[in-house]
Amino acid sequence: MIRAADDELTIFERSKQGRRAFVPPSLDVPEQPLDKLLAPNLQRSDPARLPEVSEPEIVRHYNRLSKRNFDLDTGFYPLGSCTMKHNPRLHERIAALPGHAKLHPLQDPRRAQGALELMWRLQAALAEIAGLPHVSLQPSAGSHGELAGVLLTRAFHEHRGEHRTKVLTPDTAHGTNPATVTMAGYEVVKIGTDERGNVDLDDLRAHATDDVACLMLTNPSTLGLFETGIEEIARIVHSVGATLYYDGANLNAIMGICRPGDMGFDIVHFNLHKSFTQPHGGGGPGAGPIAVSERIEPYLPRPQVIRVQGSGNGSEPYYDLDYDRPKSIGRLRGFQGNYGVFVRSYAYIRSLGAAGLREVSEVAVLNANYLLARLRREGVLELLPAAYERLCMHEFVLSGAPMKHELQIRTLDLAKRLLDFGVHPPTVYFPLIVDEALLIEPTETETKETLDRFAEIVAEIMREAREDPEVARDAPYTTPVRRLDEAAAARRPVVRQRF
Amino acid sequence: VTRYTSVTDADRIEMLEAIGVESVEDLFADIPASLRLREPLALGAGMSEQEVFDELRALAARNVSTDDEVSFVGAGMYDHYIPALIDSIVLRSEFLTPYTPYQPEISQGGLQAMFEYQTAISELTGLPVSNASVYEGPSAVAAAGYVAKLARGRDRFVVSRGVHPHSREALSTLARAWGMEVVEAPLKDGVTELPVLDHGVSAIVVQQPNFLGAVEDVSSLADSAREAGALTICACDPLPLALLKPPGECGVDIAVGEGQTLGNRLDFGGPSFGFFAATEELLRRMPGRIAGETHDVEGKRGFVLTLQTREQHIRRERATSNICTAQALNALAGVIYLSWLGSRGIVELVELMLQRTAYARERLEAIDGVSLLHEQPVVREFAVSVEAPVERVIARCREQGINPGYSLARDYPELAGGLLVAITERRSRAEIDRLAETLAAAVAAERAGTELRA
């Protein structure tokens, strides 16, 4: 049993019989014997051991817990492929309006016209951003959007009487891509990366056969590089009858600059919790809408939000849920998707407009390239070289391999030492093809001063390591806990409180 | 400059110079010119904060919320009271804005909350292990199906017709891709008819209470599944579990469900959270994040995301699921809500709903032209049959400010005139009386109208 200090007790450890925070509304109907309403064999014998605590204790407990979290509102979060941009507070106020927050998902569509219109307008905006005509908002997160996309691909091929078995993913892909492929019943075929960081076109050609259903691609890639051969990639993939899938994790680099649909992609997913400001919440909620081309549209999940032209002169259009979609892959989840997320993302798109969204991507790319240049000026890149010597898009990858050799500290140590400086570390050890990788995405909402400071901190940590690598190897020191034994946690999992 | 970016013109010049390019346009040189947009996106101009607020408030005003009518609609999401303390906690920046806790040293708040949440779900379901959340209810049923497919590898699911139609459909969507068959077990007298199972079944799926509100004999269903070597997946409503025999004690292998009722808003269907609990045997096949206890280098207790070798970012194509971002903030609301209720409070709350539901059921059954669809025990929802066109009856009630329930016509065409009525703790006796009177009048008016037309 590991002992915890008093201010680190769990809510269960604070429990004391007889305390309560909840007082029920009074019983205003004639009381019937419990056993008459529910036969004893259906009842539980022991109550669930939930905490017995008062309201002040709950508030204090979770407030204290909150102070043991780092968060985006407090500090810089250059977490590659995660797009940790500012979350406007306006969105929380709007999402909490009773007309949005207290709307039952099975309300008659005629009595939910505001919600359906918002969804319809968001669909139209996302379609425009993607350069594809049709959108389903239903998937719950990026990975769910991917699953929808691969299932759509399957339906598309099967309706043409084709049985395909493989899906191609680059070796730089997010783990969700190959995991999705397996979950959708396909076999993963990995495609290599060339020396410039692009998809290896020869490898792609060699694997593009008529049993390939789809290529899943992130563009800009997880190396933060735009696939310069994207038009040729699309040509190769389409020439064997496969679909081209766009993983939208890195959409923040190209909004209003270029569009996946114009590049030849058939299916795109969006991460509304990345590019479109839904707060990440410590691991969700998110939303993963998908945009698709005409040929994929018949298979979209149901129901779809549609606008119906009213009959007769001067009658207003109205919005409805269309369940009558005979070729649909069916539902992926309940109801209409994460509407509360749609409200926030729609507010964001309305706030920025076309010019603002383009500025977002321009500044995201400017900030990333500036940070890379600034790190170079600090001399950091001598031991943390850029994995590819190119202009980057909204993020870039450094390799910690020379640093590990020269300074005897690993990327992990650098990451942990950054915590002592009040900075969230970049994504580490991803993409897998770069040794000791650091994937750095500053986002457009950070100031130049923040980027300057980050570059100086990294330089400072490396200077410090040159003198004494132990400092970084034992870091962090200032955090609520120090390095944790993850191996022990996995060896003998303790995943709930023991009483 | 947009209001969310802060690069000044002077900054831009300095930054471009440091990079060594002339213009921002040059940074996009890798994008083939043929692909670059020459026109702005057709999204219109940006707006001030005030204008955006007004526009989205106007949209909200065109929705009829549970503040605007007395609603008896449930069918998977319920109009429960949400205590004020939940907002005050989940809106704190430290919970609202962090990423997934991959850096545990600076994420102990979120990780410990996950551990507490897992404990609460484990207690409610009577199963030893819970993950930290999945998307929501119906997709959780599909996720459980995937675990059963991996664990058993047989080509069929047997799914009760009492399972939420959205859950059945979400499972079928995936089962098709897995080449698996979904066979429906029919309802008899409102509950699942015990199916005859052979050894080709990976799992049976039931719901507790079922979609028609009936409490199922889950133990018997789980017994027959076990005899056939199949897993039992139980989709359950977490609040009634305060009174009902927990799935774990009934022999259920995987309990999943919709967590909205635990302190989360209706939000027109999401975001809420799904929960996923299972037997020890299935721990290493579970989807999603799991927080686990460990210690730091100084021996201090701490929490980490554990068993990550199940997950997509480590195991890739061999992962037990593709899930990444789930519903951490909603699950946090869930554990705060369960702490607010406490072990006695949750029983008191559910007993109150049980009593009021029994009262409402008697009141509605007494109406001329309304009968019970089944007589099974219920907790907070029940189904009646209306001897009049149900959609028209509903419309008449709405004119009186009462939304009497959910029509079963789309999902259960065989249950003619079916209406599903939910009684949460927010529905008082006075409101139930109003429902009974309004429904009686609506049914009578419709029947009179029908007779007139006849």
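Because the structure is predicted, anything quoted here is derived from the model rather than measured. Per chain, numbering begins at 1; letters A, B, ... match sequence-line order.
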**OP:** Report yes if the distance between the aromatic ring centroids of B/Phe268 and A/His104 is under 6.0 Å, otherwise no.
**Re:**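 Not under 6.0 Å, so no.
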Original post:
Would a line drawn from the ring center of A/Phe430 to the ring center of B/His313 be shorter than 6.0 Å?
Top reply: no
Check whether [X] reaches the backbone of [Y] with its side chain - one donor and one acceptor, N or O, closer than 3.5 Å.
X: B/Tyr99; Y: A/Gly281; value: no
X: B/Glu136; Y: A/Gly334; value: yes
X: B/His166; Y: A/Arg331; value: no
X: B/Asn63; Y: A/His100; value: no
X: B/Glu105; Y: A/Val481; value: no
X: B/Asp296; Y: A/Arg482; value: yes
X: B/Trp340; Y: A/Arg20; value: no
X: A/Thr182; Y: B/Glu317; value: yes
X: B/Gln312; Y: A/Ala179; value: no

Subject >> Contacting region of B/Ser321 [heavy-atom separation from chain A under 4.5 Å] >> reply: both
So which part of [X] gets closer than 4.5 Å to some heavy atom of chain B, the side chain, the backbone, both or neither?
X: A/Pro425; result: side chain
X: A/Asp474; result: neither
X: A/Val363; result: side chain
X: A/Glu31; result: both

Between [X] and [Y], is there a side-chain N and carboxylate O pair less than 4.0 Å apart?
X: B/Arg356; Y: A/Asp28; result: yes
X: A/Lys67; Y: B/Glu94; result: no
X: B/Glu249; Y: A/Arg44; result: no
X: B/Asp11; Y: A/Lys448; result: no

Original post:
Do B/Ser107 and A/Phe70 come within less than 4.5 Å of each other through their side chains, counting heavy atoms only?
Top reply: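 The answer is no, as the side chains (C-beta and beyond) never meet within the 4.5 Å cut-off.
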**OP:** Measure the shortest side-chain to side-chain distance between B/Thr66 and A/Gln107 over non-hydrogen atoms and say whether it is less than 4.5 angstrom.
**Re:**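 Answer no - side chains too far apart.
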Original post:
Heavy-atom count around B/Arg36 CZ within 6.0 Å, excluding the residue itself: above 12?
Top reply: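 Yes, the 6.0 Å shell around CZ holds more than 12 heavy atoms from other groups.
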**OP:** May I ask you to decide if the ring planes of A/His86 and B/Tyr4 are parallel, tilted or perpendicular, using 30° and 60° as cut-offs?
**Re:**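 Correct class here is tilted.
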Subject >> Row check, B/Phe115 ring normal vs A/Arg496 NZ/CZ: under 6.0 Å, within 45° >> reply: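 Not satisfied by the 6.0 Å and 45° rule.
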**OP:** Verify side chain to side chain contact (heavy atoms under 4.5 Å, CB included) between A/Ile257 and B/Leu37, making sure each step is shown before the conclusion.
**Re:** CA-CA 6 Å; A/Ile257 306 229; B/Leu37 290 175; over 6 Å; no
